[in-house]
Amino acid sequence: MEKMNSKLYLENCYIMKENERLRKKAELLNKENQALLNELRRRLNTQENQNNSQNSIPDLNLCSTSSSSTASKTSKKK
């Protein structure tokens, strides 16, 4: 009975050691996953900001000055 007890005790120690190793590995993988997720979010935000600046509304003051000068030129031709 004592031999069986010792065997089970050693097996239990091995399982606890393996469990601790796997827990540490899972913690490292989780940290790596969080870092990659943060990097992905940062890149998506940067890309979104670039797209927003490219698709921004043009300055209406610039458009109105050129169309008013074009309109006055066409009215003079008549």
Side-chain angles (χ1 to χ4, degrees):
M1 188 67 159
E2 195 170 313
K3 189 176 184 180
M4 177 73 116
N5 230 7
S6 295
K7 184 179 176 183
L8 290 173
Y9 174 78
L10 289 174
E11 191 175 334
N12 191 34
C13 288
Y14 171 77
I15 290 170
M16 289 191 309
K17 195 178 257 189
E18 184 70 6
N19 188 32
E20 183 66 18
R21 185 186 71 78
L22 291 172
R23 187 189 63 74
K24 286 179 180 178
K25 187 172 185 176
E27 190 177 317
L28 286 173
L29 288 171
N30 187 42
K31 284 181 181 178
E32 182 181 356
N33 190 27
Q34 290 299 316
L36 290 170
L37 187 59
N38 288 336
E39 177 68 15
L40 178 62
R41 285 180 179 149
R42 186 189 65 77
R43 287 185 183 189
L44 286 174
N45 283 338
T46 302
Q47 185 178 10
E48 189 176 285
N49 288 340
Q50 287 174 348
N51 287 343
N52 285 342
S53 66
Q54 289 173 354
N55 296 332
S56 63
I57 299 172
D59 187 0
L60 295 177
N61 291 328
L62 293 175
C63 293
S64 65
T65 55
S66 62
S67 25
S68 65
S69 64
T70 308
S72 65
K73 287 178 186 176
T74 52
S75 63
K76 287 179 184 177
K77 288 182 181 179
K78 290 181 182 179

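- The structure places CG of Asn5 at 10.5 Å from CG of Leu10, a figure rounded to the nearest 0.5 Å.
- Considering only heavy atoms from C-beta on, Arg41 comes within 4.5 Å of Leu37 through its side chain.
- Under a 4.5 Å side-chain heavy-atom cut-off, the cluster of Ile, Leu, Val, Met, Phe, Trp and Tyr residues that includes Leu40 is completed by Leu44.
- The stretch residues 10-21 participates, sequence neighbours left out, in these salt bridge (Lys or Arg N to Asp or Glu O under 4.0 Å) pairs: Glu18-Arg21, Glu20-Arg23.
- Taking CG of Asn12 as the reference point, atom NZ of Lys7 lies at 14.0 Å (rounded to 0.5 Å).
- For the side chain to side chain contact (heavy atoms under 4.5 Å, CB included) test, residues two or more places apart in sequence or in another chain that qualify with Arg43 are Glu39.
- With sequence neighbours left out, Ser6 forms a side chain to side chain contact (heavy atoms under 4.5 Å, CB included) with no residue at all.
- When each of Leu36, Asn30, Leu28 is paired with Glu32, the side chain to side chain contact (heavy atoms under 4.5 Å, CB included) condition holds for Leu36 and for no other.
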